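A short worksheet on the structure shown next.
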Amino acid sequence: MNGYAVAAPLPDVLPPIKPRRGFIGYLRRNPTIAVGGFLLLMMLSIAIFAGFLGTVDPTALAPARRTRPPSADYWFGSDMLGRDVYSRVLYGARVSMLVGFSVAILSSIIGLTIGLTSGFVRWADALVMRVMDGMMSIPPILLAIALMALTRGSVQNVIIAITIAEIPRVSRLVRGVVLSLREQPYVDAAVACGTRTPTIIWRHILPNTLAPITVQATYICASAMITEAILSFIGAGTPPIVPSWGNIMAEGRALWQVKPYIVFFPAVFLSVTVLAVNLLGDGLRDALDPRMAKRL
Amino acid sequence: MFAYIIRRIFATIPVMAVVALFVFSLLYIAPGDPAAVIAGDQATPADVERIRESLGLDRPYLVRFGEWVWNILNGDMGVSIFTNLPVTTMIKQRVEPTLSLMVLTLILAVSIAVPMGVTAAWKSGTPPDAAWGKRALMVLLAFPVGVAALVFGGLRFMDEVSVLPLIIWTLMWGATFVTCAWKAGPMFDKIIMGFGVLGFSIPVFVVGYLLAYVFALELDWLPVQGYTAFKEGFFPWLENLILPAIALGGVYIALIARITRATMLEVLQQDYVRTAKAKGVGQSSILFLHALKNAAVPIVTVIGIGMALLIGGAVVTESVFAIPGLGRLTVDAILRRDYPVIQGVVLLFSFIYVLVNLLIDVLYTLFDPRIRY
């Protein structure tokens, strides 16, 4: 004993909790994000590399070999014009992804602008929100249908139509968040310090709206994909020359009682993709916004 | 309270005005020349001019809007470009199937979704049972094995995959799985929520085709497509509508079950629930009499808001099942670019939506004495 007191070793009753750090640890704690993200990445790579996955030209006609059942040559069969359904389904992923992501990003940006404006400029609020209430009273699919009836079918017009139908929801969300944030002590403090409004918005409001907006954007992405498929399915969406899942199903519709596989394959792909985006949204909601997660 | 109801009714007037303005202005907002788009590619300049005139695009915007609103208030929604019939007449002929479909879906969805949400919330608070949880997991893994066996066995020995054994297997498997999960406790909640995500993700026409393929084509239990008027008998009517109603109800069930579970989770933590339990009130009357009543307001609100999904879905369901309703009218109108008809249908559906939500708001004040504005 040389005069130093040595701490007695602690018994191993409580093993130390070592949360795994880094990306892998994050995914293990949020399995929903992992599953959703994995499925979505898979679909995304299918969309990007559609040309390299054993596909042929999705618009190439072969009338002599039409409505073939699935086989080694035609993995998913061929449709009533002899086009390869496998190639069409894979290329169709591009349209769905493009529409889903574009609508999510566009409507988030526009909705964010409108929501911030009406949250801060009080005289504009009543007017903007009445307009948004009115737009929200029109069921989104019908609004998109009405818009598409007046324009020529193209991917760009589909994106615009669905974006317009989704804007009111984002604006309402952002406005609500902004109004509750304005009451926060730190915003009051910033005002008392003489911070100018643009700086307050940039530094205090905007970062706090990002989490709910990201979650909302994933849900919008999912519903935009469904809406695009519905529009194309009833003949008001992308032009028939573009292979989109809705179009493939619309073409298979006449034959579905005898050749159900033409409708079946795009349907499965669409459902899996939307499921992936929805799972990602649920996971992000639980991870980013614990208060909302408890409520829903 | 009456003052509130009156105020609430007046508050819907600007909303309806915005809807009308928006639907009307679409003609002017749309990029390009709507008259040319509606006339189609083979139209002569004279055709385009005729359509421009019939839509009133040649006259000033405000004058035209005033006329249009006045006509609608007098029950005149214009004339179809394609059939030259008044839009109101065309709508009246098509109302019954759509209304039947929506009412049936509503009843079906609410009666399935609310008990689902309530039990999910209850089960999420019960202690987990690890042994039953393990059993449930094993049953879960058995499902693809059984399906694979039936498919490969069918291909190997009969050269075809028959649907009936698959359905029987799915039903038996489902019953076992749900029972195990029920005994395992919170797992039941997770499963209900999983079904919820599925319900949100599978588009209505996919469910529609799947149901029609299995129950109408393969099993021949129900008619594939079509509609029988209600006055020709209840059962023929129901026979035609049951599959569309299930298909259309999917998203709606998911939505209602989700919100029911969320509100019930909150309500079940209240003191009066504990008091009821302490008094010895039975579990089901705690859930359905004490708690559900207090959770009713958000649930009914979501039922109202979800009507938008129902209306949008009806358009698609009607074209999948060839039901001659307003949705079919819309789809036909799109293919012919018959804008006055589309305008009329969109306006009608939006007004119905606004009115339903107004009704729900007003009913709160009657049923829930706590709500005072």
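All values derive from a computational prediction rather than experimental measurement. Letters A, B, ... are given to chains in the order of the sequence lines, protein chains preceding strands, and every chain is numbered from 1.
- Rounded to the nearest 0.5 Å, atoms OG1 (A:T32) and CE (B:M193) are 13.0 Å apart.
- Note on A:S137, A:A146, A:P266: by heavy-atom pairs under 4.5 Å with chain B, the leading option is A:S137.
- Under the ring-ring contact (aromatic ring centres under 6.0 Å, His included) criterion, B:F205 pairs with A:F233, sequence neighbours left out.
- For residues 8-17 of chain B, heavy-atom neighbours of chain A at less than 4.5 Å comprise B:P14, B:V15, sorted by residue number.
- Across every non-hydrogen atom of A:S271 and B:P203, the tightest pair is OG-CD, 3.7 Å.
- More than 12 heavy atoms of other shown residues, nucleotides or ligands fall within 6.0 angstrom of atom CZ in B:F351.
- Residues of residues 123-132 of chain A that come within less than 4.5 angstrom of chain B, heavy atom to heavy atom, are A:R130, A:V131 in numerical order.
- Residue A:V274 comes nearest to B:F200 through the heavy atom pair CG1-O, 4.5 Å, listed as atom of the first residue, atom of the second, then distance.
- The residue among A:N278, A:D133, A:I141 with the most heavy atom pairs within less than 4.5 Å of chain B is A:N278.
- With a 4.5 Å cut-off on non-hydrogen atoms, B:F22 touches chain A through its side chain but not through its backbone.
- The environment of OH in B:Y353 is crowded: more than 12 heavy-atom neighbours from other residues, nucleotides or ligands sit within 6.0 Å.
- Taking non-hydrogen atoms and a 4.5 Å limit, the residue list of residues 236-251 of chain A in contact with chain B, ordered by number, reads A:A236, A:M249.
- With a 4.5 Å cut-off on non-hydrogen atoms, B:V354 touches chain A through its side chain but not through its backbone.
- If you measure heavy-atom distances from B:A212 to chain A, the contacts under 4.5 Å come from both the backbone and the side chain.
- In terms of heavy-atom pairs under 4.5 angstrom with chain A, the leader among B:A308, B:A20, B:A333, B:S350 is B:S350.
- The parts of A:A149 that come within reach of chain B are both its backbone and its side chain, each placing non-hydrogen atoms under 4.5 angstrom from that chain.
- Using a 4.5 Å cut-off between heavy atoms, B:I311 contacts chain A through its side chain alone, with no backbone atom that close.
- Between chain B and the options A:T227, A:L143, A:L275, A:L270, heavy-atom pairs under 4.5 Å are most frequent for A:L275.
- Summarising the geometry, atom CD1 belonging to B:I342 is positioned 11.0 Å from atom CE belonging to A:M148; distances are rounded to the nearest 0.5 Å.
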